[in-house]
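Let me begin by presenting the structure, written as structure tokens, before commenting on it.
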2 protein chains.
Amino acid sequence: MTSDTPSGKQAKSPRNGGDQLLEVDDRLFLQSVARALYVLEAFGRDARPMSLSEIAASARITKSAAQRAAQTLLSLGYLERSSDGGLLPGRRLLDRAFDYLRSNPLIERATPILIELRKNSSERVDFSLFDDLSILYAIRLQSKRETFFATLAGRRIPTFCSSGGRAMLAHLDDAAIDDILRRSERKALTPKTITDLDKIWDKVREARREGYAYAVEESLLGEVVLSAAVLDDRRQPVAAVHIAGSLSEWTVDDFRKRFAPLAIEAARALSY
Amino acid sequence: MTSDTPSGKQAKSPRNGGDQLLEVDDRLFLQSVARALYVLEAFGRDARPMSLSEIAASARITKSAAQRAAQTLLSLGYLERSSDGGLLPGRRLLDRAFDYLRSNPLIERATPILIELRKNSSERVDFSLFDDLSILYAIRLQSKRETFFATLAGRRIPTFCSSGGRAMLAHLDDAAIDDILRRSERKALTPKTITDLDKIWDKVREARREGYAYAVEESLLGEVVLSAAVLDDRRQPVAAVHIAGSLSEWTVDDFRKRFAPLAIEAARALSY
DNA sequence: ACGTTTGTATCGTATATCGATACGGACCTG
DNA sequence: CAGGTCCGTATCGATATACGATACAAACGT
């Protein structure tokens, strides 16, 4: 699964869950646009070539609607045909993601600082955005040996079990933290993932004390990650700076001692 | 400018250039979907927060249409409000780009090979897709010191002046090459960019002989890039493997001798 | 206080979108 | 090879949906 929030506020959209009744709260809402985006979002659930019928089923729209949306998206390059005739996301989506990164002032400011951090640390450096139940990787500066997913911007990780997520949680008030943790699925990504509510709270409180959070093998075995939160002008957490290293090269304590100050400094430089 | 092709085949869309007459060739084309995408594409021309009116002007749609599209995109997370109330691309676009990379079989196959190549070369390794007048970076594995744009997937570079572009051109027939070069704007990116038609042809012919192409400071001063084309099952070029190095560390000849075999081997492994 | 922006909201109209349905081809299966 | 069942594509009449003009208040820069 790519995203956990089901595409914005559904209450306002004409498509409310399984209900067939179309109650239009928002007079300006374009249902055909939403349906076209549901078509694209189907590939977030199944990252493989899909037939029109599969897409229609996944997006919960009629085959006709899927047909029209797919034709339109195909002609504009946001959908492509795979070699076997199936449908795939189109490369135009890369252009739009590029625009996102390029237009976003925070990311523009963050990039040189992260590049500097990458140079000074020689470890992988990531920049993630806080997005409710998940965090979203926006910038990834790899080290030498990496996996497929460690190279990809756009990847999401649950907030509760990522160091970046917990670093950001630490800056919320208790009620907001509780709300997020309760709504989270808390499924383990590795055998080391901390899923127990009390233990997560301990980690969050620790992050409050130390000014940074860390996670050992919670999302990838053999990896230790350390993060500091970036705050906006209202002192709300919006992003996190991550430094990730390998346990084959570092002990957890050495890694923390060495890199925590660097991550905190970078995050402070990006905060208001 | 992000993309050169004006969003697919305009002839089939109801919006034909400056004409106001809406002639619908394709009965399945959803104009509101297209307009919503034109709204997003406006940020490809201006990567900054924009007002609704600016967007409407840039997308060549009425303010009302822009208003409806923006509301819809906002509610679905594909558009966001900036701190000053302007509109910006939304982070949901990153999810879709992630889906694109994850669903694409070629990119899935390419990633481990590129990671290996990056490890063996210790230089920056890129993977680009052929897209008519431009090439589109899909995977970027940075080296230590990089610039902002060198880290971003989704970036486009003109085909005619990039080593990857010319490596791919070399596998087309002469008429197709001529067609692409004629339609290209051939604007210099650096003082070293080769814009002369005959000289570009020389470079393409050289790439045919050698099995790879290279470019010295043509898109970034101080940088040498070397590329080999990836062919599909019809022997048509679809992508290119790039290795990029710094002229402060390499002479052009040494760089070519050292890395050309590696790039060619990686590209062959990805071809059919 | 004045134009001139902006974003937002309203509204009657007509047209663009709707979903059901039909068609032909591809692919299995018996 | 006949009889299924999928597929993608095309058609069509009805009406819900999206259309663009317009109005409005708020914000801004004189």
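These numbers come from the heavy atoms of this one structure, side chains and all, not from hydrogens, waters or symmetry mates. Here is how names work: the chains are called A, B, and so on, in the same order as the sequence lines, proteins then strands, and each is numbered from 1.
The existence of a salt bridge linking E80(B) and R92(B) is excluded, since no basic side-chain nitrogen approaches an acidic carboxylate oxygen closer than 4.0 Å. Salt bridge status for R48(B) with D46(B): present, with a side-chain N to carboxylate O gap under 4.0 Å. A salt bridge is absent between R102(B) and E108(B); no separation between the charged side-chain nitrogens and carboxylate oxygens falls under 4.0 Å.
R35(A) has its CZ atom 8 Å from the C1' atom of dT17(C), to the nearest Å. For the pair I55(A) CD1 and dC6(D) P, the computed distance is 18 Å after rounding to whole Å. Taking atom CD1 of I61(B) as the reference point, atom P of dC19(D) lies 9 Å away to the nearest angstrom.
Of all heavy-atom pairs spanning I107(B) and A138(B), the tightest one is CD1-CB, 3.9 Å. Taking all atoms of both residues into account, the shortest heavy-atom contact from A97(A) to L94(B) is CB-CD2, 4.0 Å. Of all heavy-atom pairs between S75(A) and F29(B), the closest is OG-CE1, 3.2 Å.
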* Structure fact -> Letter by letter from the 5' end, nucleotides 8-15 of chain D scores (B base, S sugar-phosphate only, - none; protein heavy atoms under 4.0 Å) BBBB----

* Asked: Under a cut-off of 3.5 Å for both distances of each Watson-Crick or G-U pair, what dot-bracket string does DNA chain C give, using [ ] for crossing pairs and | for inter-strand pairs?
  -> ..|||||||||||||||||||||.|||..|

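At least one side-chain nitrogen or oxygen of Q31(A) sits closer than 4.0 Å to the OP1 or OP2 atom of dT17(D). Side-chain N/O atoms of S32(B) include none lying less than 4.0 angstrom from OP1 or OP2 on dT17(D).
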When the side chains of residues 165-176 of chain A are checked against the rest of the protein, which donor-acceptor pairs come out under 3.5 Å, sequence neighbours left out?
residue : atom : partner : partner atom : Å
R166(A) : NH1  : F160(A) : O            : 3.3
R166(A) : NH1  : E218(A) : OE1          : 3.2
R166(A) : NH1  : E218(A) : OE2          : 3.2
R166(A) : NH2  : Y214(A) : O            : 3.2
R166(A) : NH2  : E218(A) : OE2          : 2.7
D173(A) : OD1  : A175(A) : N            : 3.3
D173(A) : OD1  : A176(A) : N            : 3.0
D174(A) : OD1  : R208(A) : NH1          : 3.1
D174(A) : OD1  : R208(A) : NH2          : 2.9

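Of the residues listed (R155(A), R45(A), R156(A)), the one engaging D95(B) in a salt bridge (Lys or Arg N to Asp or Glu O under 4.0 Å) is R156(A), and it is the only one.
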